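Notes follow once the structure below has been shown.
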Amino acid sequence: MRDCIFCKIIEGFVPCMKIYEDEHTYSFMDIAKDVDGHILVVPKIHKKNILDCDEETLINLMRTVKRISNHLVDNCGYDGVNILNASDESAGQSVPHFHIHIIPRRKNDGIDAWPKFEGAKEEITEIWEKIKL
Ligand code: AMP
Ligand code: ZN
């Protein structure tokens, strides 16, 4: 068994509050208690993040993200969702098994799920020249 907390949850060696499971994906409550209804969705296959994830795994993962999001809005009284991901430690990833955060949202719930950036430091056109595909 890989030394990975999310692999251990998927394999049933670590308990979780399961939200949903299918052949390729697994979803459970995030235990951070930082915001109501914080959910994680993970692929059953161990991938670190979007950078090493094959397209088929990514499609399966996002299908489940959409399914749970629609369930939250259609059946659970929410109006929308934030979908969050950190890919790589540089981006704030703390658990090295690919996961998408879903934050269920209600109108006027007062949650600020958008990062507070400090303002761009470089010229936007210089960055654009460097990063366009
Ligand atoms: P990130 O910082 O984007 O890598 O997010 C990792 C998330 O995993 C955090 O929000 C943690 O609260 C969550 N987490 C860590 N261990 C567990 C666990 N055993 N069960 C549920 N969520 C966990
Ligand atoms: Zn893993």
Side-chain angles (χ1 to χ4, degrees):
M1 158 80 45
R2 196 184 274 268
D3 186 22
C4 166
I5 183 68
F6 290 173
C7 282
K8 287 175 181 164
I9 287 174
I10 293 161
E11 296 293 328
F13 292 107
V14 170
C16 75
M17 287 169 270
K18 185 161 87 175
I19 295 285
Y20 173 83
E21 177 181 8
D22 63 22
E23 186 184 349
H24 303 291
T25 62
Y26 204 92
S27 174
F28 48 94
M29 296 297 288
D30 191 305
I31 54 169
K33 293 187 182 170
D34 49 359
V35 62
D36 289 335
H38 191 162
I39 294 168
L40 298 176
V41 187
V42 306
K44 285 188 172 175
I45 185 172
H46 182 94
K47 298 289 179 182
K48 181 178 177 187
N49 56 43
I50 197 166
L51 300 169
D52 69 343
C53 186
D54 59 279
E55 287 189 3
E56 192 183 337
T57 300
L58 185 62
I59 288 165
N60 290 331
L61 186 68
M62 293 314 289
R63 185 184 296 114
T64 295
V65 169
K66 176 170 171 54
R67 181 168 291 176
I68 293 170
S69 299
N70 283 127
H71 166 67
L72 291 167
V73 170
D74 294 344
N75 306 320
C76 306
Y78 292 101
D79 299 307
V81 292
N82 286 106
I83 307 295
L84 307 171
N85 166 258
S87 282
D88 195 61
E89 292 79 1
S90 61
Q93 183 174 8
S94 62
V95 175
H97 181 128
F98 193 13
H99 52 281
I100 304 288
H101 301 254
I102 302 178
I103 313 298
R105 302 298 304 273
R106 289 194 182 94
K107 283 183 186 66
N108 305 316
D109 61 16
I111 296 165
D112 185 358
W114 203 255
K116 287 171 192 51
F117 297 117
E118 289 165 5
K121 297 186 178 71
E122 295 181 47
E123 274 299 317
I124 187 169
T125 50
E126 283 174 28
I127 305 264
W128 172 56
E129 287 296 343
K130 278 187 232 164
I131 66 177
K132 65 187 180 183
L133 275 172

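Bear in mind that the values here come from a model prediction, so they are computed numbers and not experimental data. All ligand and atom numbering here is 1-based and tracks the order in the structure.
Note: Ser94 OG to Glu89 CD = 9.5 Å, rounded to the nearest 0.5 Å. Here Glu56 contributes atom CD and Ile45 contributes atom CD1; the two are 9.0 Å apart, rounded to the nearest 0.5 Å.
The atom of His46 that is an N, O or S and sits closest to the Zn ion (ligand 2) is ND1.
No side-chain N or O of Thr57 forms a donor-acceptor pair with one of Asn60 less than 3.5 Å apart.
Remark: aromatic rings of Phe28 and Phe6 are close, center separation under 6.0 Å. Checked against the 6.0 Å centroid threshold, His97 and His99 do not count as a close aromatic pair.
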Please tabulate, line by line, the atom pairs linking an N/O of ligand 1 to a protein N/O at a distance below 3.5 Å, with the distance in Å to 0.1, or answer 'none'.
residue  : atom   : partner : partner atom : Å
ligand 1 : 2 (O)  : Gly92   : O            : 3.4
ligand 1 : 2 (O)  : Ser94   : N            : 3.4
ligand 1 : 2 (O)  : Ser94   : OG           : 2.7
ligand 1 : 3 (O)  : His99   : NE2          : 3.1
ligand 1 : 3 (O)  : His101  : NE2          : 2.9
ligand 1 : 4 (O)  : Ser94   : N            : 2.7
ligand 1 : 4 (O)  : Ser94   : OG           : 3.2
ligand 1 : 4 (O)  : Val95   : N            : 3.1
ligand 1 : 4 (O)  : His99   : NE2          : 2.8
ligand 1 : 5 (O)  : His99   : NE2          : 3.0
ligand 1 : 5 (O)  : His101  : NE2          : 3.3
ligand 1 : 10 (O) : Asp30   : OD1          : 3.3
ligand 1 : 10 (O) : Asp30   : OD2          : 2.5
ligand 1 : 12 (O) : Asp30   : OD1          : 2.6
ligand 1 : 22 (N) : Ile31   : N            : 3.4

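Legend: residues meeting side chain to side chain donor-acceptor pair (under 3.5 Å) with Ser69, ordered by chain and number and at least two apart, are absent.
For Leu51, the CG atom is densely surrounded, since the number of other residues' heavy atoms within 6.0 Å is greater than 12.
Our summary of the site lists the angle at the Zn ion (ligand 2) between SG of Cys7 and ND1 of His97 as 110°, to the nearest 10 degrees.
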